[in-house]
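Everything on this sheet refers to the single structure shown next.
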There are 2 protein chains.
Amino acid sequence: MDLIFKALADATRREMLDKLLDQPGLTLGDLIAGTEMRRQSASKHVQILEAAGLVVTEWQGREKKHFLNPVPIQEINRRWVDKYSRTRADAILNLKQALEAGSTGKRK
Amino acid sequence: MDLIFKALADATRREMLDKLLDQPGLTLGDLIAGTEMRRQSASKHVQILEAAGLVVTEWQGREKKHFLNPVPIQEINRRWVDKYSRTRADAILNLKQALEAGSTGKRK
DNA sequence: TTGACATGCAGTTGTTTAACTGCATGTTTA
DNA sequence: TAAACATGCAGTTAAACAACTGCATGTCAA
């Protein structure tokens, strides 16, 4: 779970996932096309995404095709985001009270 | 958006959010109770959570009460997770083909 | 009004991270 | 089989991060 959150914490990696969502099967070369990034940097990012299970790869000859795996993200949604969406009524009430008290987060 | 993902990337901070979900209004002292962490470290984490909008605070005298704000997490769900949950059929097909080809991600 | 308390802010240090360069390995094609 | 190609792996470096210590500021209670 920690690996997934860490992987998603980087904007470059989120952009990679976006590309793979639109165009499944891109190679490493495809992924860096149009960017300033070196091949080796992108490769490291892919490793992190693979370790988190967010990207699955398949070798075809000398090319490595990359595919987005949406399951871990759905996992986050199910096991984590849902919990906070179902915020209990009293918690929301407390938050509202804090906000309505004119709280700015700054000490008076 | 980047601030939210970065804030969620740390396990300590996710635990803080869990505590605030269960017990709205905890102080900094409450948050570090039972942990090895120093007050100052926890304070830094809270700053990061506040900057991401995940935590809202209210001063009551010399105490600072902390509240979870579920809105940014719901934002992530709406603007980001949904996109990957609605993965297009052909993308899933491509992924399945990659997996069924016995791909281990390792070069043959 | 003074001492205990809750927190903030500044600075230090060790670890992690992300970029790079250089070289190695396996694959296709002429 | 040799050259061009796609990628991997190792090592370096600079920036970001997370923990700490020490000191300052504002609040409560005797």
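Every chain is numbered from 1, with letters handed out A, B, ... down the list of sequences.
Between the CD atom of B/E36 and the C1' atom of D/dA19 there is a distance of 13 Å, given to the nearest Å. Taking atom CD of B/Q60 as the reference point, atom C1' of D/dT27 lies 13 Å away to the nearest angstrom. Distance B/R38 CZ to C/dG14 P: 18 Å, rounded to the nearest Å. The CG-C1' distance, from A/D2 to C/dT17, rounds to 14 Å in whole Å. Here the C1' atom of nucleotide C/dA18 and the CD1 atom of A/I48 are 8 Å apart, to the nearest Å. What separates CG of A/L26 from C1' of D/dA6 is a distance of 15 Å, to the nearest Å. In this structure, CZ of B/R39 is placed 12 Å from P of C/dC9, rounded to the nearest angstrom. Distance NZ (A/K64) to C1' (C/dT27): 16 Å, rounded to an integer number of Å.
Judged by distance alone, with hydrogens and angles left aside, A/Q40 brings a side-chain donor or acceptor within reach of the base of C/dG22, the pair sitting under 3.5 Å. No donor-acceptor contact under 3.5 Å links the side chain of A/R62 to the base of D/dG8.
A salt bridge links B/D18 with A/K83; the closest basic N to acidic carboxylate O contact falls under 4.0 Å. Electrostatic pairing of A/D82 and A/R78 does not count as a salt bridge here, judged by no charged N lying under 4.0 Å from a carboxylate O.
Looking at heavy atoms from C-beta onward, A/D10 lies in side-chain contact with A/H45 at the 4.5 angstrom threshold. A 4.5 Å side-chain heavy-atom check between B/L8 and B/L17 finds at least one atom pair inside the cut-off.
Between A/S43 and D/dT7 there is no side-chain N or O to OP1 or OP2 distance below 4.0 Å. Contact annotation: B/S41 does not reach the phosphate of D/dA18 (side-chain N/O to OP1 or OP2, under 4.0 Å).
Without hydrogens or angle criteria, A/K64 side chain to A/E58 main chain gives no donor-acceptor distance under 3.5 Å. A side-chain donor-acceptor contact under 3.5 Å links B/R13 to the backbone of B/K6.
Heavy-atom distances to DNA chain C give each of B/H66 and A/M37 a nearest nucleotide, and the one nearer the 5′ end belongs to B/H66. The residue among A/E63 and B/H45 whose nearest nucleotide of DNA chain D lies closer to the 5′ end is A/E63.
Taking both residues in full, the closest heavy atoms of A/L28 and A/H66 are given as N-CE1, 3.7 Å, listed atom of the first, atom of the second, then distance. Nearest approach of A/A52 to A/L3, heavy atoms of both residues: CB-O, 3.7 Å.
For the helix from C/dT1-D/dA30 to C/dA30-D/dT1, the terminal axes (five pairs an end, C1' atoms, rotation from four pairs onto the next four) enclose an angle of 20°, given to 10 degrees.
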Exercise for review: Check step by step if side chain to side chain contact (heavy atoms under 4.5 Å, CB included) holds for A/Q74 and B/Y84.
Suggested key: CA-CA 8 Å; A/Q74 291 166 359; B/Y84 291 92; over 6 Å; no
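Residues from residues 3-19 of chain A that place a heavy atom under 4.0 Å from any atom of DNA chain D: there are none.
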